[in-house]
Protein chains: 4
Amino acid sequence: MATPNPDRRSERARHAILEAALELCQEHTYGGLTMEGIAKRAGVGKQTIYRWWPSKAAILLEALQGRSSNTLNFPDTGDLRADLRSQMTQVVAAFTDPMFAAYSKGLIAAAQSDPDIANAVVTSIIKPRVDLCIDRLTSAQKDGDIRDDVDLPAMVELLYAPLYYRLLLHTRPVSEDQVDTILDLTIAGCGA
Amino acid sequence: MATPNPDRRSERARHAILEAALELCQEHTYGGLTMEGIAKRAGVGKQTIYRWWPSKAAILLEALQGRSSNTLNFPDTGDLRADLRSQMTQVVAAFTDPMFAAYSKGLIAAAQSDPDIANAVVTSIIKPRVDLCIDRLTSAQKDGDIRDDVDLPAMVELLYAPLYYRLLLHTRPVSEDQVDTILDLTIAGCGA
Amino acid sequence: MATPNPDRRSERARHAILEAALELCQEHTYGGLTMEGIAKRAGVGKQTIYRWWPSKAAILLEALQGRSSNTLNFPDTGDLRADLRSQMTQVVAAFTDPMFAAYSKGLIAAAQSDPDIANAVVTSIIKPRVDLCIDRLTSAQKDGDIRDDVDLPAMVELLYAPLYYRLLLHTRPVSEDQVDTILDLTIAGCGA
Amino acid sequence: MATPNPDRRSERARHAILEAALELCQEHTYGGLTMEGIAKRAGVGKQTIYRWWPSKAAILLEALQGRSSNTLNFPDTGDLRADLRSQMTQVVAAFTDPMFAAYSKGLIAAAQSDPDIANAVVTSIIKPRVDLCIDRLTSAQKDGDIRDDVDLPAMVELLYAPLYYRLLLHTRPVSEDQVDTILDLTIAGCGA
DNA sequence: GAGTAATCGAGACGGTACGTCCCGTCTTGTT
DNA sequence: AACAAGACGGGACGTACCGTCTCGATTACTC
């Protein structure tokens with residue numbers, strides 16, 4: 001994400017900037033996030049920010065990755081439904097946390113008008129998690145828990161898209177109940 | 001959406017503003033849309049815009065409704081899958097049209113930091129279409145094409161959410177193929 | 001000062017406008033005087049103002065004339081110095097009254113960038129008073145109280161200009177003492 | 001006159017702003033002078049103006065001081081009347097120059113509704129010149145050219161006020177003849 | 001006494017300028 | 001050479017008034 005070059009970079013400034021961005025995003029919502037505000041809060045010159053990040057969304061992205069790297073794993077207990085439920089519930093928890101929800105919504109909103117952000121979001125956040133899920137589904141398919149003709153990437157979308165749908169469209173709040181309903185319908189199907 | 005009051009309102013100005021907003025949104029993307037730009041293009045004072053709309057998103061919303069009110073119907077040929085496919089394909093067409101996609105993404109992005117917009121999007125765009133879909137599904141459920149215990153609103157989400165997911169997350173392009181996959185998985189289920 | 005024509009004019013509106021102008025000039029200083037403000041305070045449409053007056057200064061001018069028409073007289077007791085003192089003291093009183101001072105300063109300020117106002121101020125306020133003074137001085141000259149070679153219009157300026165000087169330049173407050181000093185110096189001269 | 005602080009200030013911008021203000025004041029009269037216009041002409045952001053000056057009058061004031069600092073001297077040839085005439089003629093020349101007259105009138109007009117401007121005008125323009133004149137008159141009084149009981153500050157007003165009177169009231173044009181008349185009347189007095 | 005025309009109140013309209021907030025770049029020491 | 005600080009040119013913000021322009025709803029003169 002950096003352009004100039006060296007490792008002469010001040011770790012102190014980097015940390016202060018990421019922290020300031022997270023704090024201000026909570027206080028003012030993503031839309032009220034300002035380069036100038038971050039610089040002031042972090043006690044940093046604006047130039048220092050522009051030197052290392054191309055946009056405020058990029059800062060937030062990096063800040064978020066630092067926070068949530070731990071979530072990167074997918075349980076495999078042998079019970080597919082339980083494993084999916086466990087993982088999806090973690091996502092619900094994140095989307096339900098006001099702070100995390102604000103970051104996520106802000107970042108996805110920014111992605112709509114900045115292809116770089118869009119790309120970064122997919123690559124560094126979505127893709128790794130989707131891949132883990134596909135791995136689990138592949139193993140389930142081998143075990144015969146999923147029909148052979150099921151398109152697994154599409155199935156991942158079917159499972160997670162409704163969570164994003166509620167997060168972004170604000171039709172109804174994301175909730176844990178939703179997870180069970182999604183699992184029921186997706187596994188058993190709706191047809192008679 | 002209006003605050004001051006009467007019907008002394010100039011239809012000429014209203015039209016010019018909505019048209020200008022649509023045009024500029026195509027040319028500059030939603031992020032580059034400007035109250036000042038709209039005013040200049042429409043040949044209108046800025047105050048006239050602020051008098052009737054609280055935000056640029058509100059303008060776009062009204063402009064969009066004028067354009068797409070025709071889409072409000074849901075076929076019922078007796079063939080559930082065909083009907084769903086037909087309707088979902090229309091959504092894919094809209095999301096695939098660069099202009100319409102730009103409006104939609106911009107509006108949803110704006111909704112992330114403005115509850116009024118969020119509410120207006122749901123009420124005036126999402127809800128009416130979802131309701132029509134639920135009607136169709138209800139009738140299908142009566143006909144025995146859908147299991148009785150299926151939560152229909154959740155099923156609507158299952159069908160449409162993946163389209164929004166790809167539109168907003170930019171993982172893969174929305175496509176007509178997707179519709180068939182969604183229908184397959186949703187109707188038959190993924191379980192063995 | 002009126003342009004359209006008839007005497008169909010509403011006396012009620014005329015009065016309300018003049019009163020509103022005077023009131024607002026006191027409250028907000030001349031610079032803060034607004035056509036829109038006058039209209040609202042007077043309970044009058046803006047058009048009604050523009051129909052009868054070309055500028056806010058014109059309104060104020062008319063309002064002032066209605067207030068101070070009484071002052072138009074110049075005493076002639078035979079005692080020149082006493083008569084001048086009496087008249088000049090009246091001017092000091094006016095310039096000392098905060099309300100009247102505000103009007104006067106505002107009007108003269110407006111005259112600096114509007115020749116119509118400048119002309120109206122001279123014609124309807126300054127000139128009549130200067131003429132009366134010249135009359136008194138002429139009679140004094142005949143009586144031998146003023147040297148024959150004295151340019152009377154210039155003498156009027158010598159007497160009154162210092163009052164305007166302090167009013168407009170804000171070097172020192174206008175005061176009654178000033179009158180005596182002016183009279184002393186003007187009548188006796190400063191030379192040894 | 002400046003608020004933010006340092007000497008990090010751009011001399012280039014300062015100069016461009018002062019020049020632009022003078023130019024525009026000539027072209028559009030003081031009333032048509034605009035912060036936005038100055039910024040555009042000077043090729044400068046508006047903020048840069050607001051950072052260093054509180055009002056357009058303040059800009060003009062500074063611009064004028066840069067231009068006329070040379071006039072600050074008072075001749076002393078021993079001939080009081082000649083010295084006064086020489087100095088007053090310089091003022092007449094300034095008031096007769098359309099550009100300078102425009103600045104002066106605009107500034108004094110602005111002073112009527114802005115105490116800061118009023119104060120700055122007195123302090124930085126009027127006062128220094130009055131003081132020089134008083135010095136000359138004091139020396140004349142010692143020489144016996146002026147009576148001992150004459151109030152010198154009042155005499156200064158008597159000499160100069162008529163020039164300002166004509167400048168601001170627009171009764172008659174300021175002229176060199178006026179200087180002689182003023183000197184005659186002021187030195188010899190008007191009384192018989 | 002009914003018809004008609006102009007004035008009235010109200011306030012929307014196309015505009016211009018306001019003074020503020022940020023943007024992203026640039027400049028000036030400091031570490 | 002990266003840093004904190006912040007001035008710079010610029011663009012958009014949302015507001016306040018400008019002077020013009022409809023709108024009905026009173027008037028008050030004409031027929």
Side-chain angles (χ1 to χ4, degrees), chain A residues 4-14 16 32-40 42-52 54-56, chain B residues 4-14 16 32-40 42-52 54-56, chain C residues 4-14 16 32-40 42-52 54-56, chain D residues 4-14 16 32-40 42-52 54-56:
Chain A
N5 57 355
D7 30 29
R8 292 278 232 93
R9 182 171 184 180
S10 153
E11 184 57 24
R12 186 203 134 282
R14 183 178 159 278
L33 197 57
T34 288
M35 286 304 214
E36 226 140 53
I38 295 173
K40 182 142 290 177
V44 135
K46 283 200 286 175
Q47 193 67 254
T48 302
I49 302 183
Y50 285 108
R51 201 171 355 246
W52 305 110
S55 67
K56 59 185 182 174
Chain B
N5 63 342
D7 30 31
R8 305 275 300 289
R9 181 170 184 181
S10 155
E11 184 57 23
R12 188 203 133 286
R14 184 178 158 277
L33 195 55
T34 288
M35 286 303 215
E36 219 143 59
I38 296 173
K40 181 149 290 177
V44 134
K46 280 200 285 177
Q47 193 87 74
T48 301
I49 303 184
Y50 285 109
R51 211 183 332 261
W52 304 111
S55 67
K56 58 186 184 175
Chain C
N5 61 351
D7 29 32
R8 293 277 231 94
R9 180 171 186 182
S10 155
E11 183 57 23
R12 188 203 132 282
R14 183 178 159 277
L33 196 55
T34 289
M35 286 303 214
E36 224 141 53
I38 296 174
K40 182 143 289 179
V44 134
K46 282 199 286 176
Q47 192 68 252
T48 302
I49 303 183
Y50 285 107
R51 205 178 344 253
W52 304 109
S55 67
K56 60 185 182 176
Chain D
N5 62 346
D7 29 30
R8 305 275 300 287
R9 182 170 184 181
S10 157
E11 184 57 24
R12 186 203 134 286
R14 185 178 158 275
L33 196 56
T34 287
M35 286 303 215
E36 219 142 59
I38 296 173
K40 180 149 292 178
V44 135
K46 282 200 286 177
Q47 195 88 77
T48 301
I49 304 183
Y50 286 108
R51 209 179 338 254
W52 304 110
S55 66
K56 59 186 183 175

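Since we're looking at a predicted model, the values are computed, not measured. Residue numbers start from 1 in every chain, and the chains themselves are labelled A, B, ... in the order their sequence lines are given, proteins ahead of strands.
What you find for B:Ser10 and B:Ala13 is that their closest heavy atoms are OG-N, 3.0 Å. In terms of heavy-atom proximity, B:Ala39 sits nearest to B:Gly45 at CB-C, 4.4 Å.
Map B:Glu36 and C:Glu11 each onto its nearest nucleotide of DNA chain E; the residue landing nearer the 5' end is C:Glu11. Residues D:Ala42 and A:Lys40 both approach DNA chain F. Their nearest nucleotides, taken by heavy-atom distance, put A:Lys40 toward the 5′ side. The residue among C:Gly32 and D:Ala13 whose nearest nucleotide of DNA chain F is located toward the 5' end is D:Ala13. Mapped onto DNA chain E by nearest heavy atom, A:Leu33 and C:Val44 fall at different nucleotides, with C:Val44 at the one closer to the 5' end.
A donor-acceptor contact under 3.5 Å is not formed by the side chain of C:Arg51 with the base of E:dT7. Contact annotation: side chain of C:Arg9 to base of E:dT7, donor-acceptor pair absent below 3.5 Å. One donor-acceptor pair, N or O on each side, does fall under 3.5 Å between the base of F:dC17 and the side chain of B:Gln47. Side chain D:Lys46 to base F:dG10: no donor-acceptor pair is found below 3.5 Å.
Straight-line distance from the CG atom of D:Asp7 to the P atom of E:dG29: 8 Å, rounded to whole Å. Between the CD1 atom of A:Ile38 and the P atom of F:dA5 there is a distance of 16 Å, rounded to whole Å. Whole-Å rounding puts the C:Lys56 NZ to F:dG19 C1' distance at 13 Å. Distance, B:Arg12 CZ to F:dT22 P: 12 Å, rounded to whole Å. Straight-line distance from the CD1 atom of D:Ile49 to the P atom of E:dC21: 17 Å, rounded to whole Å.
In this structure, the nucleotide among E:dC22, E:dA17, F:dG19 sitting nearest to the side chain of C:Tyr50 is F:dG19. Of the listed nucleotides (E:dC8, F:dT22, F:dC13), F:dT22 has the atom at the smallest distance from the side chain of B:Arg8.
An OP1 or OP2 oxygen of E:dA6 is reached within less than 4.0 angstrom by no side-chain nitrogen or oxygen of C:Trp52. Checking the phosphate oxygens (OP1, OP2) of F:dA4, a side-chain nitrogen or oxygen of A:Thr48 falls inside 4.0 Å.
Residues B:Lys46 and B:Ile49 are not in side-chain contact: their nearest non-hydrogen atoms beyond the backbone lie 4.5 Å or more apart.
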Do D:Arg9 and D:Trp52 pass the side-chain contact (heavy atoms from CB on, under 4.5 Å) test, and can you show the C-alpha distance, the side-chain angles, and the key distance before you say yes or no? CA-CA 9 Å; D:Arg9 182 170 184 181; D:Trp52 304 110; 3.4 Å; yes
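Looking at heavy-atom distances under 4.0 Å, C:Gly43 makes contact with sugar-phosphate atoms alone, never a base. Across all strands shown, B:Arg14 has no heavy atoms under 4.0 Å from either base or sugar-phosphate atoms.
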